[in-house]
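See below for the structure under consideration.
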Amino acid sequence: MRMEATIDILKELNVFPAGDDELCEVYSSSALNSGISLLDYMTIRDLMEFSGKKNDPALVAILICMFAALKEGSLRITLNNQGLTKRLGRFMDKGAAKKLAQRFLKEYENNGYSELTASSETGEYKPLVKQRYNENDRLYFQKYFVREDSLKRSLKALLDIKPIVGKEAPQPAALLKETLEQCPVLLKSGKPFRFDKKQIEAVEKAITQNFLIISGGPGTGKTTILANILRCLVRRGIKPERIILAAPTGRAAQRMTESIQSCLGSIKEPEEHDKQLKPIESGTIHRLLKYESVKNSFYFNEYNQLPADVVIVDEVSMVDITLMDKLIKSIDTANAKVILLGDKDQLPSVEAGAPLADLIPVDNKNPHLQERVVTLDKDYRAKGAILGLIRDIKNREGEDKVRWPEPVHINDAFQMKAGGCCLIDKPNRAELIDMITSWVDHFYRRPAGAGRKTYIDLINKACQCSLEDLSAGRGKKILDPLFSCLDNAKILTLIREGDYGCAGINRAAGGYLRRDVDKKGTGALFAGEPILILRNDYKLGLFNGDIGATLRDCKGSYCAVFRKSGNYAAYPIETIPAHESAFAVTVHKSQGSEFNNVMLMLPDDDKHSLLTREIIYTGLTRAKNRAFICGNIAALDYAVGRKIERESGLGEWAGFGDL
């Protein structure tokens with residue numbers, strides 16, 4: 001019914017003429033399998049009119065391919081018979097796919113689509129741009145070709161500039177000795193943080209180079225490195241107010257600020273330079289560039305550049321090609337230092353492009369970039385089986401098989417020691433409910449250790465406080481252990497809807513727990529429900545990805561409490577932005593976060609389109625202590641065998657240096 005309704009709408013909008021069986025079959029197959037939007041189809045309609053070949057099924061099929069590729073994150077498609085047949089075969093019969101690919105290429109080679117396509121060499125403005133590379137043409141939408149080409153040119157200009165260093169500036173060796181040895185940041189144990197060779201290299205290059213990429217997974221020390229980079233830069237004469245910190249999301253920006261301040265706060269005897277960094281904080285890239293929604297543009301751009309000597313961006317894996325281009329253009333790269341941090345193996349941005357991964361290609365023969373990339377490969381956080389599994393997933397090549405743990409029952413899984421990783425065989429729907437209740441029993445209804453209170457006890461105690469007490473320092477003694485419980489366990493899903501998605505799991509977990517923590521609760525709200533913010537609210541200081549807890553204060557009014565730089569802030573529930581229950585969150589929403597215990601819930605479909613190596617890696621690297629995988633080996637093997645491949649020209653340029 002869904003396909004028929006879509007076809008009916010397409011006919012009503014005159015997307016394709018009725019009565020053309022071959023064209024109708026292309027659209028019907030696409031509506032059922034390609035996943036592109038109604039707006040995409042309407043754009044295809046307009047492009048077909050513009051092309052002068054309104055009823056050409058081969059052209060329609062290729063335009064559908066281009067929109068489907070864009071939806072997957074690719075900036076272009078490659079025009080050869082094998083590649084096009086494979087792409088078309090994703091939503092239509094293989095025989096029809098091969099036939100349409102050949103028809104398109106024949107017409108294309110005879111310059112049959114000249115009204116629609118322009119060569120990248122001419123600069124002519126047409127909806128599609130073709131670019132020759134080796135023996136094949138690549139086809140872009142004009143917008144994405146322009147963005148990619150602009151970013152390549154900006155980066156090339158940045159890499160060609162030699163850093164200018166004043167003669168009186170302290171030398172790197174002296175700075176490293178002072179900040180890393182004489183006055184180091186301290187671990188929670190009180191011992192100095194000991195930098196390994198790669199970490200020292202990252203700090204040194206950040207001092208001496210005007211452009212640097214630091215890539216590393218969770219636990220590789222990126223935040224501590226960043227704090228010491230800042231300490232070195234201010235000692236070199238850069239004013240803290242001329243240093244800009246940013247991240248793609250509000251939550252990532254907040255975590256960046258908190259982590260840096262925690263590192264600086266650990267210094268036993270901070271010097272004046274370190275004290276100058278106390279006010280420094282991070283914001284989102286959109287807020288940094290001052291996004292103007294009415295104009296759909298940024299206040300800071302290539303004509304009005306940021307007032308900065310240093311721009312540092314964290315979690316760059318989440319940045320798409322368009323935002324990266326706008327960011328680099330807004331920086332006065334002739335006079336400012338640019339430092340990008342992220343994890344190249346993590347999930348790429350939701351939007352098109354993967355600039356971080358592209359700029360760290362496997363075959364890096366670009367002499368400029370080789371010296372500007374430091375990859376941190378030692379994980380100081382993950383332990384034992386988790387660390388081994390993460391390495392296996394990341395380093396899997398060809399037909400190599402990952403060594404998955406043997407399946408165990410959920411109750412046996414809870415007996416794992418620190419660093420443990422287990423597989424819980426995929427439950428049916430009835431077993432799934434039992435498993436979720438077991439998870440809630442273990443992590444919310446039982447104490448996390450000897451002498452500790454349960455989550456239920458902590459919620460009940462917090463509900464005896466007033467809204468004012470919860471926001472003031474008086475609430476900290478109660479809320480610290482409560483939020484430790486929230487950090488202790490999280491279920492991560494690949495999908496949102498359905499029994500195996502975060503929506504279904506949250507309904508099951510919430511319905512089970514609310515009977516114990518909020519017997520008087522009515523409606524959807526209940527005291528003790530973890531919640532996830534879905535939209536930034538700069539006025540309240542709440543950001544997409546923030547996790548808090550719903551409480552009912554001593555007056556009986558519902559409120560939501562969130563952690564803020566070591567303290568807490570409570571808000572009447574009706575004032576906070578859009579939010580949802582957060583016993584479970586998607587892997588995408590969990591990026592930038594970490595939890596002691598993580599259950600990675602795989603979807604019911606063992607060949608779901610979201611099953612990829614990157615999503616399994618990202619989910620498991622959220623676990624600090626123990627990881628539980630709920631699924632089966634067939635689905636896991638399928639996932640790690642599917643690496644996200646996004647077609648773009650940035651990776652080719654980064655690898656070999658040709659513009």
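These figures come from a predicted structure and were not determined experimentally.
For NZ of K476, the number of neighbouring non-hydrogen atoms (other residues, nucleotides, ligands) closer than 6.0 Å is greater than 12. Within 6.0 Å of atom CZ in R642, more than 12 heavy atoms from other residues, nucleotides or ligands are found, so the atom counts as buried in its surroundings. Taking a 6.0 Å sphere around CD of E292, one finds it holds more than 12 heavy atoms contributed by other residues, nucleotides or ligands. Around the NZ atom of K394, the shell of radius 6.0 Å holds more than 12 heavy atoms that belong to other residues, nucleotides or ligands.
For the pair T454 (side chain) and L458 (backbone), a donor-acceptor distance under 3.5 Å is absent. For the pair T493 (side chain) and G501 (backbone), a donor-acceptor distance under 3.5 Å is absent. When atom types are taken as modelled, the side chain of N488 and the backbone of N596 share no donor-acceptor pair closer than 3.5 angstrom. Listed for the S215 side chain is a donor-acceptor partner under 3.5 Å among the backbone atoms of K344. Side chain of K222 to backbone of G216: a donor-acceptor contact under 3.5 angstrom is found. Using a distance-only test at 3.5 Å, with no hydrogens or angles considered, a donor-acceptor pair links the side chain of K426 to the main chain of D604. The backbone N or O of S74 lies less than 3.5 Å from no partner atom in the side chain of E645, so there is not a single donor-acceptor pair. For S259 (side chain) and M256 (main-chain N/O), no donor-acceptor pair under 3.5 Å exists by modelled atom type. Checked by atom type and distance alone, the side chain of E351 never pairs as donor or acceptor with a backbone atom of L323 at under 3.5 Å. Remark: side-chain polar atoms of N506 are paired, donor with acceptor, to backbone N or O of C502 under 3.5 angstrom.
V561 is not listed as a side-chain neighbour of L482, based on a closest heavy-atom distance of 4.5 Å or more. Counting heavy atoms from C-beta on, the side chains of V350 and D320 never come closer than 4.5 Å. With a 4.5 Å cut-off on side-chain heavy atoms, Y299 and L289 do not count as touching. No side-chain heavy atom of L610 sits under 4.5 Å from any side-chain heavy atom of P603. For the pair V313 and M324, the minimum side-chain heavy-atom distance is 4.5 Å or more. Within the 4.5 Å cutoff, the side chain of I213 has heavy atoms near those of the L356 side chain. Between R446 and Y455, every side-chain heavy-atom pair lies at or beyond the 4.5 Å cut-off. Looking at L432 and M601, their side chains come closer than 4.5 Å, going by heavy atoms from C-beta outward.
In this structure, H608 has its ring center at least 6.0 angstrom away from the ring center of Y638. For an aromatic pair to be called close, the ring centres must be under 6.0 Å apart, and F414 with F443 satisfies this. For W439 and F583, the ring centers sit 6.0 Å or farther from each other.
Side chains of N632 and D606: a donor-acceptor N/O pair is present below 3.5 angstrom, by distance only. Checked by atom type, the side-chain pair D480/Y568 shows a donor-acceptor distance below 3.5 Å. If you check the side chains of D434 and T437, you find no donor sitting under 3.5 Å from an acceptor. A donor-acceptor pair shorter than 3.5 Å cannot be found between the side chains of D392 and W404. At a cut-off of 3.5 Å, with distance as the only test, no side-chain donor of S438 or D441 sits close to an acceptor on the other residue. Side-chain polar atoms of N544 and N536 form no donor-acceptor pair below 3.5 angstrom. Between the side chains of D553 and Y558, not a single donor N or O lies within less than 3.5 Å of an accepting N or O.
Here the straight-line distance linking atom SG of C421 with atom CZ of F628 works out to 9.5 Å at 0.5 Å rounding. One distance of note links OG1 of T224 with CD1 of I229; it measures 11.0 Å at 0.5 Å rounding. Here CG of D605 is found 11.0 Å from CG of L494. Values are rounded to the nearest 0.5 Å. Interatomic distance, I360 CD1 to I214 CD1, rounded to the nearest 0.5 Å: 10.5 Å. Taking CZ from R613 and OG1 from T618, the interatomic distance works out to 12.0 Å, rounded to the nearest 0.5 Å. For the atom pair CD1 of I576 and CD1 of I533, the computed distance is 4.5 Å after rounding to the nearest 0.5 Å.
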K490 vs N597, side-chain hydrogen bond (donor to acceptor under 3.5 Å, both in side chains): CA-CA, chis, key distance, verdict: CA-CA 6 Å; K490 192 65 63 184; N597 297 274; over 6 Å; no
After noting the C-alpha distance and the side-chain angles of E529 and S581, does the key distance pass the side-chain hydrogen bond (donor to acceptor under 3.5 Å, both in side chains) rule? CA-CA 7 Å; E529 182 179 29; S581 185; 3.0 Å; yes
Please test I629 against L620 for side chain to side chain contact (heavy atoms under 4.5 Å, CB included), starting from the C-alpha separation and ending with a verdict. CA-CA 8 Å; I629 305 172; L620 290 177; 3.9 Å; yes
Quick one: do E580 and K589 satisfy salt bridge (Lys or Arg N to Asp or Glu O under 4.0 Å)? Show the steps, please. CA-CA 12 Å; E580 64 185 15; K589 284 287 186 184; over 6 Å; no
Go through the steps to decide whether L264 and K278 satisfy the test side chain to side chain contact (heavy atoms under 4.5 Å, CB included), and finish with yes or no. CA-CA 8 Å; L264 295 173; K278 190 172 183 180; over 6 Å; no
Hey, mind stepping through R445 and D516 against salt bridge (Lys or Arg N to Asp or Glu O under 4.0 Å) and telling me if it holds? CA-CA 9 Å; R445 300 181 68 191; D516 293 315; 3.1 Å; yes
I would like to know whether Y617 and D343 meet side-chain hydrogen bond (donor to acceptor under 3.5 Å, both in side chains); could you show each step before the answer? CA-CA 11 Å; Y617 168 84; D343 183 356; 2.7 Å; yes
Go through the steps to decide whether D487 and R563 satisfy the test salt bridge (Lys or Arg N to Asp or Glu O under 4.0 Å), and finish with yes or no. CA-CA 11 Å; D487 291 339; R563 191 162 31 203; 2.9 Å; yes
For K624 and E594, run salt bridge (Lys or Arg N to Asp or Glu O under 4.0 Å): C-alpha distance rounded to whole Å, both residues' side-chain angles, the deciding distance at 0.1 Å, then the answer. CA-CA 7 Å; K624 292 173 63 177; E594 57 187 33; 3.7 Å; yes
Is there a side-chain hydrogen bond (donor to acceptor under 3.5 Å, both in side chains) between T322 and D325? Walk through the geometry before answering. CA-CA 5 Å; T322 298; D325 177 46; over 6 Å; no
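Residues A570 and S471 share a closest heavy-atom pair of N-OG, 2.9 Å. Contact detail for G511 and R514: the closest heavy-atom pair is O-CG, 3.7 Å. Nearest heavy atoms, N460 versus V517: OD1-O, 3.8 Å. Here the closest heavy-atom approach between residue E614 and residue D345 is recorded as CG-O, 3.7 Å.
Each of I505, I424, L492 was compared with M599 under the side-chain contact (heavy atoms from CB on, under 4.5 Å) criterion, and only I424 meets it.
A tilted orientation is assigned to the rings of F562 and Y571, their planes being inclined by 30° to 60°.
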